[in-house]
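Here the structure is a predicted model, which means the values were calculated and not measured.
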Amino acid sequence: MTTQTIKTTCGIIATLVSVISFVPYLKDIYKKKTQPHSYTWLIWAILQFTGVVAMYNNGAGIGALSLAVGSVFCGYIFILSLKYGTKNITSFDTFCLVGALAAIAVYIFLHDAFLSVILITVIDFAGFLPTLRKAYAEPYSETLSLFILGVISSSFNIVAISTYSITTTLFPAYILFANLFFTVMIWMRRKVIQA
């Protein structure tokens, strides 16, 4: 098996796992078990799409596919969050949203893929903070399988990258670790609440 075949296979697996990961999350939204945070999903939709463009333009190849598909799901979940999402939005959440949107404006003027991917990663983390805060307080308001499968998908995604550099690898690596951290945090918070 050639290296390119392995990368293509991993890219396809990452994409399939990514699609599968959203199914239970979407079901739980419609059942009103999961309450997505609109600010987070808006930021993720914009940034994932932007990250995909930067990764693809810098040689990520099929390694950008699962993130491209994920950006479509993020956009759809943002739309759903307007109806089914949490109403627990604080001034901290609004601060994160304004900061992320301001940073996106700065990104548009950078025209430097390396700096842009670093900025996208930092902004994405800022966008994640409202969901982290909400899930810490309400750990059953999130579907854990989305984030567990996100770890698996991200792992395959990183292997699928055609050309490794900070520009092509930083954002997917961050997504892997963010999903892993979030999974552990929710799991631990659920244990504390059950006790």
Exercise for review: Would you list the pairs meeting side chain to side chain donor-acceptor pair (under 3.5 Å) in which at least one residue belongs to residues 144-161, sequence neighbours left out?
Suggested key: S66-N157
Exercise for review: Sort and list the pairs that fulfil side chain to side chain donor-acceptor pair (under 3.5 Å) and have at least one residue in residues 8-20, not counting sequence neighbours.
Suggested key: Q4-T8
Point to revise | In one Ile/Leu/Val/Met/Phe/Trp/Tyr side-chain cluster, 4.5 Å: F22, V72 | key: no
**Study point:** Contacts of type side chain to side chain donor-acceptor pair (under 3.5 Å), residue S141, not counting sequence neighbours
**Key:** K134
Exercise for review: Give me the one residue out of W41, Y76, Y84 that meets ring pair (Phe, Tyr, Trp, His ring centres under 6.0 Å) with Y25.
Suggested key: W41
Practice item. Identify the two heavy atoms, one from N88 and one from H37, that lie closest to each other, and give their separation to 0.1 Å. Key: O-NE2, 4.0 Å
Exercise for review: Identify the heavy atoms of V117 and A54 that sit nearest to each other, and give their distance.
Suggested key: CG2-CB, 3.8 Å
Exercise for review: Any chance you could pull the hydrophobic cluster mates of I20, using side-chain heavy atoms under 4.5 angstrom and chaining through other members?
Suggested key: I13, V17, L149, I152, F156
Revision key, fill the gap. Value for CH2 (W44) from OG (S71), rounded to nearest 0.5 Å, stands at 13.5 Å
Check your understanding: Quick one: salt bridge (charged side-chain N to carboxylate O under 4.0 Å, His left out) partners of R189, sequence neighbours excluded?
Key -> none
Which donor-acceptor pairs under 3.5 Å do the side chains of residues 158-165 make with protein atoms, sequence neighbours left out?
residue : atom : partner : partner atom : Å
T163    : OG1  : G59     : O            : 3.4
Y164    : OH   : K7      : NZ           : 3.1
Y164    : OH   : I158    : O            : 2.8
Y164    : OH   : V159    : O            : 3.0
S165    : OG   : T167    : N            : 3.3
S165    : OG   : T168    : N            : 3.2
S165    : OG   : T168    : OG1          : 3.4

Exercise for review: Take the angle between the ring planes of F147 and F128 and call it parallel below 30°, perpendicular above 60°, tilted in between.
Suggested key: parallel
Review point. Roughly how far apart are L82 CG and I77 CD1, rounded to 0.5 Å?
Key: 12.5 Å
